[in-house]
There are 6 protein chains.
Amino acid sequence: MPEFNTDLPSVRKLQTYIKDKPTVKIQLLTEDMLEGQMLWQDPNCICLQPPQGEPILVWREAIAYIQAKS
Amino acid sequence: MPEFNTDLPSVRKLQTYIKDKPTVKIQLLTEDMLEGQMLWQDPNCICLQPPQGEPILVWREAIAYIQAKS
Amino acid sequence: MPEFNTDLPSVRKLQTYIKDKPTVKIQLLTEDMLEGQMLWQDPNCICLQPPQGEPILVWREAIAYIQAKS
Amino acid sequence: MPEFNTDLPSVRKLQTYIKDKPTVKIQLLTEDMLEGQMLWQDPNCICLQPPQGEPILVWREAIAYIQAKS
Amino acid sequence: MPEFNTDLPSVRKLQTYIKDKPTVKIQLLTEDMLEGQMLWQDPNCICLQPPQGEPILVWREAIAYIQAKS
Amino acid sequence: MPEFNTDLPSVRKLQTYIKDKPTVKIQLLTEDMLEGQMLWQDPNCICLQPPQGEPILVWREAIAYIQAKS
């Protein structure tokens, strides 16, 4: 499991996404691409609010990359 | 293996799914999408009751994301 | 690696499959679906007796889900 | 990483394959199926002698299942 | 998770990519190939600046290989 | 992460590839097959010099198997 230390640049970067609420793209190892706003993160998951429907609990280990939309 | 600490938001969110019994979609790394009601969770697995048939022991490490159906 | 603690519900559930010998389906991350009866489990593997041929040593980390056939 | 304890049934089973030299099939997570005789195992790898060519160092974490041919 | 020790050759090699800014190709386990310049690394992620758009947080565990373009 | 102990047969086998410089094939979990000569290994990566271009940092966790060409 990845480290979950709030001093790490990657964890802090995700915190800025949670605070500033840009639309982010989460590319999964399944080839799925999810889009939405990050609500929170914990050591296991990232919670994503898609444009429609219920929040999605995304498994960290299933993520390939995350990019904010510009 | 993901942390299994009942104080974590992701573990608590899954506990609300077990208690409130919404239909959830579990997207697996295999591209399979399972649907049903969560019966219990432990550090290795989530047990899902599909609409028909026996409960399914889903490996946590095989999960990409979980979303309640709205 | 998943925890292998015989008090965990998932480990105990698999023990009932070993004792009661239902036919189980094991969906792998490779998209293969194996069928047979569980002979034993240890922290690394589940040993499955298929209808024909030698027992199969299935890597736990390669499993997506297990379901008893009803 | 899987446990490598020579008392575990799965590790001992592989030791019998190394000693008795049946042809085994190793199904990988890549969908490749390798065939040959097991030469040795360590915590990281299984070394397989295919019918032709050099021995193959197979990563344990890339294995889905192993079955002796009957 | 891979070790993140700045004495390791692989971590130091990535530091030279961050300092010298060659264009690198990152091949992911999803089959995606990303290209850009490495901005930073931490134990979980590599941050890549693609030619256009926002920086990409690439999960280390999703990487197959990295190669500088010549 | 795999163990990186220079007494392990698999680590020593890779050291002979680094010293003797046979052409090796590295089969990745992505279905890619890389070919070249091994330059060094550390706990995270194997560095491969392909016939043309820059050295490739191959993630150990992305490897399915390695075989020297005969």
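All values below come from the heavy atoms of this structure, side chains included, with hydrogens, waters and symmetry mates left out. Just so it is clear: chains get the letters A, B, ... in the order the sequence lines come, proteins before strands, and each one is counted from 1.
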[atom2] on [Y] to [atom1] on [X], rounded to 0.5 Å:
X	Y	atom1	atom2	value
F:Lys69	D:Glu54	NZ	CD	12.0 Å
F:Glu31	D:Glu31	CD	CD	6.5 Å
F:Ile63	D:Asn44	CD1	CG	10.5 Å
D:Cys45	F:Ile66	SG	CD1	7.5 Å

(Q) Using only non-hydrogen atoms and a strict under-4.5 angstrom cutoff, which residues of residues 9-16 of chain F touch chain D? (A)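 F:Pro9, F:Ser10, F:Val11, F:Lys13, F:Leu14 fall under the 4.5 Å cut-off.
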
Could you go through residues 19-26 of chain F and list every donor-acceptor pair under 3.5 Å that involves a side-chain atom there, pairing it with any protein atom two or more places apart or in another chain?
from: F:Lys21; atom 1: NZ; to: F:Ile18; atom 2: O; distance (Å): 3.1
from: F:Lys25; atom 1: NZ; to: F:Gln67; atom 2: OE1; distance (Å): 3.4

Q: Taking heavy atoms only and a threshold strictly under 4.5 Å, list by residue number the residues of residues 35-42 of chain D that touch chain F; give 'none' if the list is empty.
A: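 Within residues 35-42 of chain D, the residues under 4.5 Å from chain F are D:Trp40, D:Asp42.
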
Q: Name the region of D:Leu28, side chain, backbone, both or neither, that has any atom closer than 4.5 Å to a heavy atom of chain F.
A: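 Only the side chain of D:Leu28 comes within 4.5 Å of chain F.
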
Q) Side chain, backbone, both or neither: which part of D:Leu34 has an atom under 4.5 Å from a heavy atom of chain F? A)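 When you check distances to chain F, only side chain atoms of D:Leu34 fall under 4.5 Å.
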
Q) Which atoms form the tightest heavy-atom contact between F:Tyr65 and D:Val58, and what is the distance? A)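 Heavy atoms of F:Tyr65 and D:Val58 come nearest at CB-CA, 3.9 Å.
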
Q) F:Ala62: what forms a side-chain contact (heavy atoms from CB on, under 4.5 Å) with it, not counting sequence neighbours? A)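 Scan of F:Ala62 (side-chain contact (heavy atoms from CB on, under 4.5 Å), adjacent residues dropped) gives E:Leu29, E:Ala64, F:Trp59.
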
